[in-house]
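The basis for the numbers below is simple: all heavy atoms, side chains too, and nothing from hydrogens, waters or symmetry mates. In what follows, residues are counted from 1 in the order of the sequence shown. What you see is a predicted model; the values in this text were computed from it and never measured.
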Amino acid sequence: MSPYGRKRYLTLDAVLKCEFGEKVVKVPLNAGLSCPNRDGRVGFGGCSYCSNALSGEFAGNPRESLREQFEKTKALYLNKWGETKYIAYLQAGSNTYADVETLRSIYASALSLPVVGLSVATRADCLGEDVLDLLSEINAEIYLTVELGLQSSNDRTAERINRGHTYAAFLEGYNALRERGISGSVCTS
(Lines give C-alpha, C1' and ligand atoms only; values in the text may rest on other atoms or scores of the structure.)
Protein backbone atom coordinates (compact mmCIF):
# COMPACT_ATOMS: atom_id res chain seq x y z
CA MET A 1 0.00 0.00 0.00
CA SER A 2 1.14 3.53 -0.73
CA PRO A 3 2.49 5.56 2.23
CA TYR A 4 -0.29 8.02 1.38
CA GLY A 5 -2.89 5.43 2.36
CA ARG A 6 -6.25 6.65 1.13
CA LYS A 7 -5.21 10.30 1.32
CA ARG A 8 -3.92 12.47 -1.51
CA TYR A 9 -1.10 13.79 0.65
CA LEU A 10 1.54 12.33 2.92
CA THR A 11 0.73 12.76 6.62
CA LEU A 12 3.26 12.99 9.42
CA ASP A 13 1.67 9.86 10.88
CA ALA A 14 2.44 7.96 7.65
CA VAL A 15 6.01 9.29 7.51
CA LEU A 16 6.69 8.24 11.10
CA LYS A 17 5.12 4.80 10.60
CA CYS A 18 7.35 4.31 7.58
CA GLU A 19 10.44 5.53 9.44
CA PHE A 20 9.88 3.47 12.61
CA GLY A 21 7.60 0.64 11.50
CA GLU A 22 4.84 1.52 13.96
CA LYS A 23 2.82 4.39 15.40
CA VAL A 24 4.97 7.23 16.75
CA VAL A 25 3.61 10.34 18.42
CA LYS A 26 5.20 13.66 19.21
CA VAL A 27 5.00 14.63 22.88
CA PRO A 28 4.88 18.44 23.17
CA LEU A 29 7.26 19.85 25.80
CA ASN A 30 7.99 23.34 27.07
CA ALA A 31 11.64 24.07 27.90
CA GLY A 32 10.78 27.64 28.94
CA LEU A 33 12.72 29.31 26.14
CA SER A 34 11.73 32.73 24.87
CA CYS A 35 11.83 34.32 21.44
CA PRO A 36 13.81 37.21 19.95
CA ASN A 37 10.51 38.73 18.86
CA ARG A 38 9.43 39.00 22.49
CA ASP A 39 12.52 39.97 24.44
CA GLY A 40 13.52 42.96 22.32
CA ARG A 41 16.34 41.50 20.23
CA VAL A 42 14.08 41.59 17.17
CA GLY A 43 10.84 42.98 18.57
CA PHE A 44 8.35 42.98 21.40
CA GLY A 45 5.01 41.25 21.84
CA GLY A 46 5.72 38.42 19.44
CA CYS A 47 4.04 37.68 16.15
CA SER A 48 0.36 38.55 15.93
CA TYR A 49 -0.66 34.86 15.84
CA CYS A 50 1.58 33.77 18.74
CA SER A 51 -0.19 33.23 22.04
CA ASN A 52 0.91 34.16 25.54
CA ALA A 53 2.17 30.57 25.89
CA LEU A 54 4.43 31.12 22.85
CA SER A 55 2.07 28.90 20.82
CA GLY A 56 2.69 25.98 23.12
CA GLU A 57 -0.64 25.64 24.90
CA PHE A 58 -0.33 21.87 24.92
CA ALA A 59 3.41 21.80 25.58
CA GLY A 60 3.34 21.54 29.33
CA ASN A 61 4.25 23.75 32.22
CA PRO A 62 7.80 25.13 31.92
CA ARG A 63 8.08 25.13 35.73
CA GLU A 64 7.98 21.32 35.57
CA SER A 65 10.88 19.22 34.35
CA LEU A 66 10.73 17.85 30.83
CA ARG A 67 10.38 14.38 32.38
CA GLU A 68 7.32 15.46 34.42
CA GLN A 69 5.75 17.04 31.34
CA PHE A 70 6.51 13.95 29.27
CA GLU A 71 5.01 11.53 31.81
CA LYS A 72 1.78 13.54 32.10
CA THR A 73 1.29 13.69 28.35
CA LYS A 74 2.33 10.08 27.86
CA ALA A 75 -0.41 9.02 30.30
CA LEU A 76 -2.97 10.80 28.14
CA TYR A 77 -1.57 9.26 24.97
CA LEU A 78 -1.66 5.76 26.48
CA ASN A 79 -5.43 6.12 26.87
CA LYS A 80 -5.77 7.16 23.24
CA TRP A 81 -3.25 4.94 21.40
CA GLY A 82 -1.95 2.42 23.91
CA GLU A 83 1.80 1.70 23.96
CA THR A 84 3.61 3.45 21.15
CA LYS A 85 6.92 5.15 20.40
CA TYR A 86 7.50 8.82 21.18
CA ILE A 87 9.37 11.82 19.86
CA ALA A 88 10.24 14.61 22.30
CA TYR A 89 8.78 17.75 20.73
CA LEU A 90 10.19 21.03 22.03
CA GLN A 91 7.24 23.11 20.90
CA ALA A 92 6.72 26.33 22.86
CA GLY A 93 8.95 29.29 22.06
CA SER A 94 12.06 29.34 19.88
CA ASN A 95 13.90 26.21 20.92
CA THR A 96 17.26 27.18 19.47
CA TYR A 97 17.19 30.60 21.16
CA ALA A 98 19.72 30.21 23.98
CA ASP A 99 23.45 29.73 24.33
CA VAL A 100 24.64 26.41 22.99
CA GLU A 101 25.46 24.92 26.42
CA THR A 102 21.94 25.65 27.66
CA LEU A 103 20.55 24.06 24.51
CA ARG A 104 22.84 21.05 24.88
CA SER A 105 21.47 20.53 28.41
CA ILE A 106 17.84 20.89 27.29
CA TYR A 107 18.28 18.54 24.35
CA ALA A 108 20.11 15.98 26.52
CA SER A 109 17.27 16.11 29.02
CA ALA A 110 14.71 15.55 26.26
CA LEU A 111 16.75 12.71 24.79
CA SER A 112 17.09 11.03 28.21
CA LEU A 113 13.36 10.30 27.98
CA PRO A 114 12.14 7.05 26.39
CA VAL A 115 12.02 8.57 22.90
CA VAL A 116 13.10 7.60 19.40
CA GLY A 117 13.77 11.15 18.29
CA LEU A 118 13.69 14.87 18.87
CA SER A 119 11.68 17.57 17.14
CA VAL A 120 12.70 21.19 17.69
CA ALA A 121 10.40 24.10 16.83
CA THR A 122 12.21 27.38 16.21
CA ARG A 123 12.67 30.41 14.01
CA ALA A 124 14.99 30.52 11.02
CA ASP A 125 16.81 33.52 12.47
CA CYS A 126 17.80 31.54 15.58
CA LEU A 127 20.23 29.17 13.89
CA GLY A 128 23.75 30.35 14.60
CA GLU A 129 26.70 28.22 13.51
CA ASP A 130 27.18 26.80 17.02
CA VAL A 131 23.52 25.79 17.19
CA LEU A 132 23.69 24.23 13.73
CA ASP A 133 26.77 22.28 14.83
CA LEU A 134 24.91 20.99 17.90
CA LEU A 135 21.90 19.99 15.81
CA SER A 136 24.25 18.19 13.41
CA GLU A 137 25.69 16.20 16.31
CA ILE A 138 22.21 15.17 17.42
CA ASN A 139 21.14 14.37 13.86
CA ALA A 140 24.08 11.95 13.56
CA GLU A 141 22.87 10.05 16.64
CA ILE A 142 19.06 10.03 16.54
CA TYR A 143 16.06 10.99 14.42
CA LEU A 144 15.82 14.79 14.37
CA THR A 145 13.46 17.26 12.78
CA VAL A 146 13.67 21.02 13.03
CA GLU A 147 10.45 22.95 12.44
CA LEU A 148 10.93 26.42 11.04
CA GLY A 149 7.85 28.59 11.22
CA LEU A 150 6.85 30.16 7.92
CA GLN A 151 3.51 31.90 8.05
CA SER A 152 3.99 33.74 4.78
CA SER A 153 6.58 34.02 2.02
CA ASN A 154 5.34 37.56 1.40
CA ASP A 155 7.56 40.00 3.31
CA ARG A 156 4.80 42.63 3.48
CA THR A 157 2.51 40.12 5.17
CA ALA A 158 5.33 39.03 7.50
CA GLU A 159 5.82 42.66 8.49
CA ARG A 160 2.07 43.14 9.11
CA ILE A 161 1.97 40.12 11.42
CA ASN A 162 5.15 41.31 13.17
CA ARG A 163 7.12 38.21 12.16
CA GLY A 164 10.46 39.88 12.68
CA HIS A 165 12.30 38.28 9.77
CA THR A 166 12.04 37.98 6.02
CA TYR A 167 11.40 35.13 3.64
CA ALA A 168 15.08 35.35 2.66
CA ALA A 169 16.02 34.70 6.32
CA PHE A 170 13.72 31.67 6.32
CA LEU A 171 15.41 30.31 3.18
CA GLU A 172 18.84 30.92 4.69
CA GLY A 173 17.91 28.93 7.82
CA TYR A 174 16.27 26.19 5.79
CA ASN A 175 19.28 25.87 3.50
CA ALA A 176 21.70 25.83 6.46
CA LEU A 177 19.79 22.84 7.90
CA ARG A 178 19.69 21.07 4.53
CA GLU A 179 23.44 21.59 4.02
CA ARG A 180 23.99 19.72 7.29
CA GLY A 181 21.68 16.90 6.29
CA ILE A 182 18.94 17.92 8.72
CA SER A 183 15.90 17.58 6.55
CA GLY A 184 13.60 15.12 8.24
CA SER A 185 12.65 11.99 6.39
CA VAL A 186 10.60 11.16 3.35
CA CYS A 187 9.17 7.68 3.05
CA THR A 188 8.90 6.34 -0.48
CA SER A 189 7.90 2.73 0.09
Next on the checklist: Test side chain to side chain contact (heavy atoms under 4.5 Å, CB included) on Leu148 and Thr122; report intermediate values, then the result.
Outcome noted: CA-CA 5 Å; Leu148 298 179; Thr122 193; 3.7 Å; yes
Checklist entry - Has the side chain of Ser109 got a donor or acceptor atom that lies under 3.5 Å from a matching backbone atom of Ser105? => result no
Next on the checklist: Which residues pass the side-chain hydrogen bond (donor to acceptor under 3.5 Å, both in side chains) test with Thr102, not counting sequence neighbours?
Outcome noted: Asp99
Next on the checklist: Please find the pair of heavy atoms, one from Pro62 and one from Gln69, that lie closest to each other, and give the distance.
Outcome noted: CA-NE2, 4.1 Å
Checklist outcome for this item: When rounded to the nearest 0.5 Å, the distance separating CG of Asn139 from CG of Leu134 is 11.0 Å
Checklist entry - Once you round to the nearest 0.5 Å, how far does NZ of Lys23 lie from NZ of Lys80? => result 7.5 Å
Checklist entry - Looking at OH of Tyr107 and CD1 of Ile142, how far apart are the two atoms once the value is rounded to the nearest 0.5 Å? => result 14.0 Å
Next on the checklist: Is there a path of hydrophobic side-chain contacts, each under 4.5 Å between heavy atoms, that joins Tyr89 and Leu66?
Outcome noted: no
Checklist entry - Counting heavy atoms not belonging to Glu172, are there more than 12 under 6.0 Å from its CD? => result no
Next on the checklist: Check whether Arg67 reaches the backbone of Ser112 with its side chain - one donor and one acceptor, N or O, closer than 3.5 Å.
Outcome noted: yes
Item to check | More than 12 heavy atoms of other groups within 6.0 Å of Lys72 NZ | outcome: no
Item to check | Atom pair OG1/CG of Thr73 and Leu78 - distance to nearest 0.5 Å | outcome: 11.0 Å
Checklist entry - Minimum heavy-atom separation for Leu103 to Thr96, with atom names? => result CD1-O, 3.6 Å
Item to check | Separation of Leu177 CG from Glu147 CD (nearest 0.5 Å) | outcome: 12.0 Å
Checklist entry - Step by step, would you call Leu113 with Val27 a side chain to side chain contact (heavy atoms under 4.5 Å, CB included)? => result CA-CA 11 Å; Leu113 302 168; Val27 177; over 6 Å; no
Checklist entry - If every non-hydrogen atom of Val115 is compared with every non-hydrogen atom of Ala88, which pair is closest and at what distance? => result CG1-N, 3.7 Å
Item to check | Sub-4.5 Å side-chain heavy-atom contact between Val116 and Tyr143 | outcome: no
Item to check | Check: Glu141 and Ile138 side chains under 4.5 Å, non-hydrogen atoms | outcome: no
Next on the checklist: Walk me through whether Asp133 and Val100 qualify under side chain to side chain contact (heavy atoms under 4.5 Å, CB included).
Outcome noted: CA-CA 9 Å; Asp133 290 344; Val100 77; over 6 Å; no
Item to check | Distance-minimising heavy-atom pair for Leu33 and Ala98 | outcome: CD2-CB, 3.9 Å
Checklist entry - Between Tyr77 and Tyr86, how do the two ring planes meet: parallel, tilted or perpendicular, split at 30° and 60°? => result parallel
Next on the checklist: I need the minimum non-hydrogen distance between Cys126 and Val131, along with the two atoms involved.
Outcome noted: O-CG1, 4.2 Å
Checklist entry - Any idea which heavy atoms bring Ser119 and Thr145 closest together, and the distance? => result OG-OG1, 3.0 Å
Checklist entry - Rounded to the nearest 0.5 Å, how far does CD of Glu68 lie from CG of Leu29? => result 12.0 Å
